[in-house]
Amino acid sequence: MAELRDRAANPDKTKYKLAASIRECMKTTPVDKITVKDIVEGCGLTRQTFYRNFKDKYDLINWYFDKLVLQSFEQIGMGHTVGESLVQKFDFIRSEKAFFTEAFRSDDYNSVKEHDFELILQFYKKLLAGKMSRPLGEEMGFLLEMYCRGSVYMTEKWVLSGMKDSSREMSEKLVEAMPPKLDRLFRQYGLV
């Protein structure tokens, strides 16, 4: 009954408890070896509660990623550039180093890498379509997809190699790597 009251007062409270538990598990166990049982035992919730909120552990990881990373990206075009938002994203990833190191190691179909790719691709498509008042054309769509895939790959490489570059250095590298036609489009709308 108390769990129901908590959910009504703060619908994400249970999700954050589960996220805190998996973060703890990830300090000692690879993501692929963590079970739902480990997660719920770590926070005193039930398996049923877990499955009411998430499909699987990767869904939980992706939810947590969304909650924190999307905050930085939602500011693009509203006073923040892509570069500034990437710095915030990398600062966040760095602040959750143990969590993201384990998350980026997983190659599951529902991994944070695949989720990050879909998240940023759809975000940029929506942002650009809104600025242009029409959907992206085929060529720009291709360039954007290629850029997003490469950005996620380089983010993974950065995370798994110990995050040696600063958040700003990583951001600058990713902005510099943008294909020229895509860069011109982003600059036209004040996004870089």
Side-chain angles (χ1 to χ4, degrees), residues 11-12 15-16 18-19 22-23 26 30-32 34 36 39 50-51 53-78 80-97 99-132 134-160 163 167 170-171 173-175 177-179 181-183 185-186 189 191-192:
D12 286 344
K15 291 179 178 184
Y16 278 112
L18 291 163
I22 198 169
R23 282 178 55 222
M26 290 167 85
V31 173
D32 296 334
I34 297 171
V36 171
I39 297 166
F50 179 90
Y51 286 113
N53 289 279
F54 301 105
K55 294 183 298 190
D56 57 26
K57 63 188 171 189
Y58 301 102
D59 192 30
L60 165 59
I61 291 168
N62 292 338
W63 174 84
Y64 187 59
F65 183 80
D66 285 0
K67 279 294 187 187
L68 301 160
V69 172
L70 273 179
Q71 293 171 8
S72 62
F73 274 78
E74 288 173 347
Q75 298 171 26
I76 296 173
M78 293 182 273
H80 283 93
T81 64
V82 168
E84 292 164 337
S85 294
L86 284 170
V87 170
Q88 289 179 346
K89 175 183 178 179
F90 294 134
D91 282 346
F92 167 69
I93 290 173
R94 189 184 290 282
S95 75
E96 297 281 347
K97 185 176 183 174
F99 177 85
F100 283 108
T101 299
E102 283 307 312
F104 274 98
R105 279 195 180 115
S106 176
D107 286 323
D108 188 85
Y109 75 96
N110 195 20
S111 70
V112 76
K113 291 180 280 198
E114 193 57 33
H115 184 74
D116 188 17
F117 167 71
E118 288 297 329
L119 181 75
I120 63 171
L121 178 62
Q122 294 311 315
F123 177 82
Y124 285 144
K125 278 184 175 180
K126 184 177 175 184
L127 178 66
L128 288 168
K131 295 284 185 186
M132 298 171 14
R134 61 180 165 75
L136 283 180
E138 190 175 322
E139 179 184 20
M140 283 303 182
F142 175 85
L143 291 174
L144 182 62
E145 186 172 338
M146 185 184 70
Y147 174 70
C148 291
R149 185 64 74 187
S151 294
V152 171
Y153 174 79
M154 295 312 293
T155 299
E156 172 192 9
K157 188 174 177 181
W158 175 71
V159 169
L160 296 181
M163 303 181 203
S167 298
M170 269 304 289
S171 171
K173 286 178 179 182
L174 290 184
V175 170
M178 194 176 285
K181 287 182 181 180
L182 194 60
D183 181 66
L185 182 64
F186 272 69
Y189 292 105
L191 302 174
V192 288

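When reading the values below, keep in mind they use all heavy atoms of this one structure, side chains included, and skip hydrogens, waters and symmetry mates. Remember, it's a predicted structure, so these values are computed and weren't measured experimentally.
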Chemist: Start with the C-alpha distance between Phe100 and Met26, add both sets of side-chain angles, then the distance that settles side-chain contact (heavy atoms from CB on, under 4.5 Å), and finish with yes or no.
Modeler: CA-CA 9 Å; Phe100 283 108; Met26 290 167 85; over 6 Å; no

Chemist: Could you tell me the separation between the NZ atom of Lys125 and the CD atom of Glu145, rounded to the nearest 0.5 Å?
Modeler: 6.5 Å

Chemist: Between atom CZ of Phe99 and atom CD1 of Ile93, what is the distance when rounded to the nearest 0.5 Å?
Modeler: 10.5 Å

Chemist: Considering only heavy atoms from C-beta outward, does the side chain of Tyr189 approach that of Leu127 to under 4.5 Å?
Modeler: no

Chemist: Nearest 0.5 Å, what's the CG-OH distance between Asp12 and Tyr64?
Modeler: 12.5 Å

Chemist: Does the side chain of Leu128 reach to within under 4.5 Å of the side chain of Phe186, using non-hydrogen atoms?
Modeler: yes

Chemist: For Phe54 and Asp59, work out which heavy atoms get closest and say how close.
Modeler: CA-OD2, 3.3 Å

Chemist: Do Leu136 and Tyr124 make a side-chain contact, defined as non-hydrogen atoms from C-beta onward lying under 4.5 Å apart?
Modeler: no

Chemist: Show your reasoning for whether side-chain contact (heavy atoms from CB on, under 4.5 Å) applies to Leu185 and Leu143.
Modeler: CA-CA 11 Å; Leu185 182 64; Leu143 291 174; over 6 Å; no

Chemist: Check the pair Trp63 / Leu18 against side-chain contact (heavy atoms from CB on, under 4.5 Å), numbers first and verdict last.
Modeler: CA-CA 11 Å; Trp63 174 84; Leu18 291 163; over 6 Å; no

Chemist: Nearest 0.5 Å please: distance from the CD atom of Glu102 over to the CG atom of Leu160.
Modeler: 9.0 Å

Chemist: Is the shortest heavy-atom distance from the side chain of Met163 to the side chain of Thr101 under 4.5 Å?
Modeler: yes

Chemist: Taking the side chain from Arg105 and the backbone from Pro30, do they hold a donor-acceptor pair closer than 3.5 Å?
Modeler: no

Chemist: Please determine whether side-chain contact (heavy atoms from CB on, under 4.5 Å) holds for the pair Phe90 and Leu174, giving the CA-CA distance in whole Å, both sets of side-chain angles, and the decisive distance to 0.1 Å.
Modeler: CA-CA 11 Å; Phe90 294 134; Leu174 290 184; 3.5 Å; yes

Chemist: Which atoms form the tightest heavy-atom contact between Leu191 and Lys131, and what is the distance?
Modeler: CD2-CE, 4.0 Å

Chemist: Would you call the rings of Phe65 and His115 parallel, tilted or perpendicular if under 30° counts as parallel and over 60° as perpendicular?
Modeler: perpendicular

Chemist: Quick one: pull up CE in Met154 and NZ in Lys173 and give me the separation to the nearest 0.5 Å.
Modeler: 7.5 Å

Chemist: Identify the heavy atoms of Leu182 and Leu144 that sit nearest to each other, and give their distance.
Modeler: CD2-CA, 3.8 Å

Chemist: Locate the shortest heavy-atom distance separating Gly83 from Ser171; write the atom from each residue and the value.
Modeler: O-OG, 2.7 Å

Chemist: Give the minimum heavy-atom separation between Phe50 and Lys57, together with the two atoms involved.
Modeler: CZ-N, 3.8 Å

Chemist: Hey, does the Lys NZ or Arg CZ of Arg149 hover above the aromatic six-ring of Phe117, less than 6.0 Å from the centre and inside 45° of the axis?
Modeler: yes

Chemist: Is it the case that more than 12 heavy atoms not belonging to Tyr51 sit under 6.0 Å from its OH atom?
Modeler: yes

Chemist: Any ion pair linking Glu118 and Lys113 (charged N to carboxylate O, less than 4.0 Å)?
Modeler: no

Chemist: Within a strict 4.5 Å, meaning less than it, do heavy atoms of the Asn62 and Leu119 side chains meet?
Modeler: no

Chemist: Backbone N or O of Asp32 within a donor-acceptor pair of the Ser106 side chain at under 3.5 Å?
Modeler: no

Chemist: To the nearest 0.5 Å, what is the distance between CE (Met178) and OH (Tyr147)?
Modeler: 4.0 Å

Chemist: Write down the atom of Ile120, the atom of Ser151, and the distance for their closest heavy-atom approach.
Modeler: CD1-CB, 4.4 Å

